[in-house]
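Written below as structure tokens is the structure these notes are about.
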Amino acid sequence: MAELRPIIATLIVDKESQAKFQRLRDRYYPAARTPAHVTLFRHLPEREPEEVAKRIREITKGIAPFPIEVTAPMSMSNGVALELHAPELIALRTRIADEYSAHLRREDKKPFAPHMTVQNRVTRRRAQRTLGSVRGSFTPFTATGEGIALWFYMGGPWAPLDEILFEG
């Protein structure tokens, strides 16, 4: 039997916004193993990955790409993130969470606060310096949510499972 791997779900954003996110992550994230991303779920059921992809495709059917306001850098105690405002994203994530509520782990059951992590797992002092630096050069912008990427967690790096683009 194949080894089961947790499934991670992230938001796909437009290429220009992804490039902005990636530049920040490359500058501040220590030893980044994954591309810049907006995490939707850290652990979806791993037993039937094709079924998870199929169900998320059904849930997202009819959803059109939507705006995401990238509003400000924020502190995450031992890191820095960009705060995101997107009612459509919160509603979509809630629908998926409702579908998988019996299978979600504690971390994925917490209230969803959309963000893109710029830096994590550093000292508070270093995080505060980074926050000051990012705030000093940050200009709010509007990104576009274009879909959901599903990944297998491979004990560190991620392996792609599927991309589900919004078509509505």
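Nearest heavy atoms, Ser101 versus Lys109: O-CE, 3.6 Å. Scanning all heavy atoms of the two residues, the minimum distance from Ser133 to Tyr28 falls at OG-OH, 2.7 Å. Gln119 and Ala127 get closest at one heavy-atom pair: OE1-CA, 3.6 Å. Heavy-atom minimum distance, Leu150 versus Ala9: CD2-CB, 3.7 Å. Across every non-hydrogen atom of Leu82 and Phe138, the tightest pair is CD2-CE1, 3.8 Å.
Counting only residues at least two apart or in different chains, ring pair (Phe, Tyr, Trp, His ring centres under 6.0 Å) contacts with residues 78-100 are absent. Sequence neighbours left out, the pairs with a member in residues 141-168 that pass salt bridge (Lys or Arg N to Asp or Glu O under 4.0 Å) are Arg57-Asp162.
Partners of Arg125 under the side chain to side chain contact (heavy atoms under 4.5 Å, CB included) rule, at least two apart in sequence or in another chain, are Thr123, Arg129. The side-chain hydrogen bond (donor to acceptor under 3.5 Å, both in side chains) check on Ser17 picks up Asp14, with sequence neighbours excluded. The side-chain hydrogen bond (donor to acceptor under 3.5 Å, both in side chains) test applied to His43 returns Glu46, Arg105, not counting sequence neighbours. Shown here are the side chain to side chain contact (heavy atoms under 4.5 Å, CB included) partners of Ala36, two or more places apart in sequence or in another chain: Gln18, Phe21, Gln22, Arg25, Met116. Applying the side chain to side chain contact (heavy atoms under 4.5 Å, CB included) criterion to Lys61, with sequence neighbours excluded, gives no partner residue. Not counting sequence neighbours, the partners of Ala159 by the side chain to side chain contact (heavy atoms under 4.5 Å, CB included) test are Phe152, Met154.
Side-chain contacts under 4.5 Å among hydrophobic residues (ILVMFWY), followed directly or transitively, place Ile8 together with Trp151, Tyr153, Trp158. When hydrophobic residues (I, L, V, M, F, W, Y) are linked wherever their side-chain heavy atoms come within less than 4.5 Å, the members clustered with Ile12 are Leu165.
Glu58 has its side chain within reach of Lys54: a pair of non-hydrogen atoms, C-beta onward, lies under 4.5 Å apart. Residues Leu131 and Arg135 are in side-chain contact: their nearest non-hydrogen atoms beyond the backbone lie under 4.5 Å apart. Within the 4.5 Å cutoff, the side chain of Tyr29 has no heavy atoms near those of the Leu24 side chain. With contacts defined as side-chain heavy-atom distances shorter than 4.5 Å, the pair Leu44/Leu104 qualifies.
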List, one per line, each side-chain donor-acceptor pair under 3.5 Å for residues 89-99, sequence neighbours excluded.
unit_1 : atom_1 : unit_2 : atom_2 : d
Arg93  : NE     : Leu40  : O      : 2.8
Arg93  : NH2    : Leu40  : O      : 3.2
Arg93  : NH2    : Asp108 : O      : 2.9
Thr94  : OG1    : Ile90  : O      : 2.8
Arg95  : NH1    : Ile59  : O      : 3.3
Arg95  : NH2    : Ile59  : O      : 3.1
Glu99  : OE1    : Arg55  : NE     : 3.2
Glu99  : OE1    : Arg55  : NH2    : 3.2
Glu99  : OE2    : Arg55  : NE     : 3.0

Identify every side-chain donor-acceptor pair in residues 65-79 under 3.5 Å, counting partners at least two apart or on other chains, and give the distances.
unit_1 : atom_1 : unit_2 : atom_2 : d
Glu69  : OE1    : Thr142 : OG1    : 2.8
Glu69  : OE2    : Thr142 : OG1    : 3.1
Thr71  : OG1    : Glu83  : O      : 3.3
Ser75  : OG     : Ser77  : N      : 3.3
Asn78  : ND2    : Val122 : O      : 2.8

